[in-house]
Participant: 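Below is one structure. I have some questions about it.
Atoms within each ligand, like the ligands themselves, are counted from 1 in listed order.
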Amino acid sequence: MMKTLQELVRANIGRLKPYSSARDEYQGAEASVFLDANENPYNCPNNRYPDPLQGELKKNLAKLKGVPPESIFLGNGSDEAIDLAFRAFCEPRTDNVVAIEPTYGMYAVCAEINDVEYRRVLLDEHFQFSAERMLEAADGHTKLMFLCSPNNPTGNDLDPAEIETLLRRFDGLVVLDEAYNDFSAQPSFLKRLAEFPNLVVLQTFSKAWGCAAIRLGMAFASADIIGVYNKIKYPYNVNQLTQQQAMEMLHRYYEIERWVEMLKQERDRVEKEFKALPCVQHVFPSNANFFLVRVTDAVKIYNYLVGEGIIVRNRHSVALCGNCLRITVGTKAENESLIEALKRFA
Ligand SMILES: *Cc1c(COP(=O)(O)O)cnc(C)c1O
C-alpha cells in the first residue's frame, strides 16, 4: 500500500505557500493591455513571460499521450523532474532512495546534491532487476525508487512483470525513466498511470524527438503528485522558445516516427556488423538508440577512436560494464566511419 502523499512529501514542502507569478494570477486571453509583470512593452514577442504551466503544449501532449493534462509536468529536461523528486520528497540526511545499478548517472548526482542517501541494487548478469531485492534494500525512510527502461547504459528493457511487482509492493514512489521507450517494443507504463498511484513516468524530447538542445523533459503521474511538482518548480521553468519548438514537433510527429524506424533498423544492422569485428567480444541486445559492447580493451579502443575523431562513451568503470563501450546509433555514414575505424584497429 502506498503511503499518503502527505506522508511522502517533505513537511516544509507540504506547508509551502508557492510563489504566485503575475501570469498565475491572471490567465485569460481577452485582455489586451498587460501592465502586471514589469515586462518591457517592446521587442515582441520575446518581451513577454511564457505560460508558467505550458497549457497549450500540455493540451496537445495530453492528446498524443492519452493522459489528462493535469497528469503532466514539463521541465528543463528530465533532469529537472529528477531533481524535483528529491527536493519534494526526500528530507536531506534522513530519507533515502533505492536505484538499480548500473543506470543513468543523474539519479545519483541529484541524490548527492540534495544530501540524500542513494542505495544501489546491482542488476543480474542479464541486466535484469529483482523487485524483491529492491524492497530488501529499502526501509521506512525510502521515499523513491529509480528504474530506467530501456536502461542506460545497458540498453535492455526491464521486465515489466517485475516493474509491476515493485509498483504494487513499494509504499513510496517509483520513478520509471522511459527516455528510450520510443525505440522499444515494450508498451509504455503511461497507459497504466491510473492503475498505479505511486508511478512517476519520465520521458524526454532529447532522444526520439531529436530536441536535446531545447531542454524539455516530461513527468507523468497522478494529478496530486504533479501538483507537488508544480508547487516547487521555478515559475517560468520552460521558456517560450522551447514551448514553441515543442508545439512544432508535435505537428511533425510523423517525422519522429520515421526517425525511430530508421534508427531501429540501423541499430540492428550495426549490432550485426559489430559482432563480426575482432576487437568486439560481446554485443548486448538493445531496445534503445544505443547499444553496449564488450571489447578487448575499452580504454585503448576509446582512445584510438578519439584519435580518429570518433567519440563513443567509455563505460569501463561502471558496475557490470568492464571493458564496455556505449555506442549511440548515428546516421548510416557516421556508423560506417565507426565500423571502418574499428576494422583498422590492430
Ligand atoms: C538522455 C537521458 C535522459 C534525458 O535527459 P534530459 O534532461 O531530458 O535531456 C533521461 N534519462 C535517461 C536515462 C537518459 O539516458
Side-chain angles (χ1 to χ4, degrees), residues 54 57-58 61 65 72-87 97-111 113 118 120-121 123 127 129 144-158 163 173-184 186 188-190 199-221 229 233-234 237-239 241-243 245-246 249-250 256 259-260 263 267 284 286-292 311-315 318-321 324-330:
Q54 311 95 24
L57 183 50
K58 281 182 187 168
L61 265 176
K65 300 287 183 181
I72 308 177
F73 165 83
L74 297 176
N76 189 339
S78 320
D79 293 343
E80 182 181 357
I82 294 165
D83 187 51
L84 287 184
F86 283 97
R87 292 170 62 194
V97 306
V98 173
I100 55 168
E101 174 76 5
T103 192
Y104 185 47
M106 273 308 286
Y107 318 139
V109 170
C110 285
I113 290 170
Y118 185 83
R120 302 163 198 262
V121 179
L123 298 174
F127 297 142
F129 83 107
L144 310 173
M145 293 210 183
F146 285 91
L147 300 176
C148 182
S149 180
N151 188 31
N152 180 0
T154 58
N156 60 299
D157 286 316
L158 298 180
I163 297 175
L173 304 186
V174 176
V175 180
L176 174 61
D177 190 336
E178 291 189 339
Y180 301 100
N181 178 264
D182 306 78
F183 302 100
S184 164
Q186 277 297 329
S188 165
F189 265 78
L190 257 194
L199 173 61
V200 179
V201 173
L202 302 182
Q203 294 184 359
T204 178
F205 274 69
S206 297
K207 308 289 157 62
W209 290 79
C211 282
I214 73 172
R215 309 307 302 129
L216 186 61
M218 304 167 262
F220 304 91
Y229 265 83
K233 75 183 187 67
Y234 287 170
N237 62 327
V238 177
N239 72 66
L241 300 177
T242 294
Q243 293 187 42
Q245 178 64 28
M249 296 311 292
L250 281 167
I256 289 125
W259 291 334
V260 166
L263 289 169
R267 172 193 70 206
F284 294 95
S286 167
N287 307 104
N289 66 333
F290 62 85
F291 60 93
L292 195 69
I311 315 302
V312 298
R313 194 91 154 111
N314 183 3
R315 300 285 76 188
V318 169
L320 305 180
C321 297
C324 285
L325 300 174
R326 193 193 69 193
I327 314 284
T328 304
V329 178

Participant: Just checking, is any N or O donor in the side chain of Y107 or D177 under 3.5 Å from an acceptor N or O on the other one?
Facilitator: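 Note: Y107 and D177 side chains meet the donor-acceptor criterion.
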
Participant: Among protein heavy atoms, which lies nearest atom 7 (O) of ligand 1, and at what distance?
Facilitator: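 Here the closest protein heavy atom is R215 NH2, 2.6 Å.
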
Participant: Under a 4.0 Å heavy-atom limit, does E80 contact ligand 1 with its side chain, its backbone, both, or neither?
Facilitator: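 Contact part for E80 vs ligand 1: neither.
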
Participant: I'd like to know if the side chain of N181 pairs up with that of S188 as donor and acceptor (distance under 3.5 Å, no hydrogens or angles considered).
Facilitator: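 Result is no, nothing qualifies.
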
Participant: For atom 11 (N) of ligand 1, find the nearest protein heavy atom and state the residue, atom name and distance (0.1 Å precision).
Facilitator: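 Scanning the protein heavy atoms, the shortest distance from atom 11 (N) of ligand 1 goes to D177 OD2, 2.6 Å.
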
Participant: Between N237 (side chain only) and L74 (backbone N and O only), is there a donor and an acceptor less than 3.5 Å apart?
Facilitator: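 Between the backbone of L74 and the side chain of N237 there is a qualifying donor-acceptor contact (under 3.5 Å).
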
Participant: If we ignore angles and hydrogens, is there a donor and acceptor under 3.5 Å between the side chains of Q186 and N287?
Facilitator: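 No, because no side-chain N or O of Q186 sits under 3.5 Å from a partner of the opposite role on N287.
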
Participant: Among protein heavy atoms, which sits nearest to atom 9 (O) of ligand 1, and what does the distance come to when rounded to 0.1 Å?
Facilitator: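 Result: S206 OG, 2.6 Å.
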
Participant: Of the side chain and backbone of A179, name the one, both, or neither that has a heavy atom under 4.0 Å from an atom of ligand 1.
Facilitator: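 Within the 4.0 Å criterion, A179 contacts ligand 1 through side-chain atoms alone.
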
Participant: Keeping N151 on the side-chain end and P102 on the backbone end, is there a donor-acceptor pair under 3.5 Å?
Facilitator: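 Such a contact is found between N151 side chain and P102 backbone.
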
Participant: Can you see whether R326 engages N152 through a side-chain donor-acceptor pair at a distance of less than 3.5 angstrom?
Facilitator: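 Checked: R326/N152 side chains pair up, N/O donor to acceptor below 3.5 Å.
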
Participant: Looking only at protein heavy atoms, which one is nearest to atom 15 (O) of ligand 1, and what is the separation?
Facilitator: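 The closest heavy atom on the protein side is Y180 OH, 2.5 Å.
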
Participant: Report yes if some N/O of N152 lies less than 3.5 Å from some N/O of ligand 1; otherwise report no.
Facilitator: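 Looking only at distances, the answer is yes, because the N/O contact criterion of under 3.5 Å is met.
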
Participant: Contact between ligand 1 and C148 is defined here as a heavy atom of the residue under 4.0 Å from a ligand atom; is it met?
Facilitator: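 C148 counts as a contact of ligand 1 under the 4.0 Å cut-off.
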
Participant: I need the atoms of ligand 1 closer than 4.0 Å to a non-hydrogen atom of D79, numbered in the order shown.
Facilitator: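 That gives atoms 5 (O), 7 (O) of ligand 1.
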
Participant: Using atom types as modelled and distance alone, determine if a side-chain donor or acceptor of S78 lies under 3.5 Å from a backbone N or O of G217.
Facilitator: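 Checking the backbone N and O of G217 against the side chain of S78, no donor-acceptor pair under 3.5 Å is found.
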
Participant: Could you tell me the residue and atom name of the protein heavy atom closest to atom 14 (C) of ligand 1, and the distance to it rounded to 0.1 Å?
Facilitator: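 Of the protein heavy atoms, K207 NZ, 3.2 Å lies nearest.
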
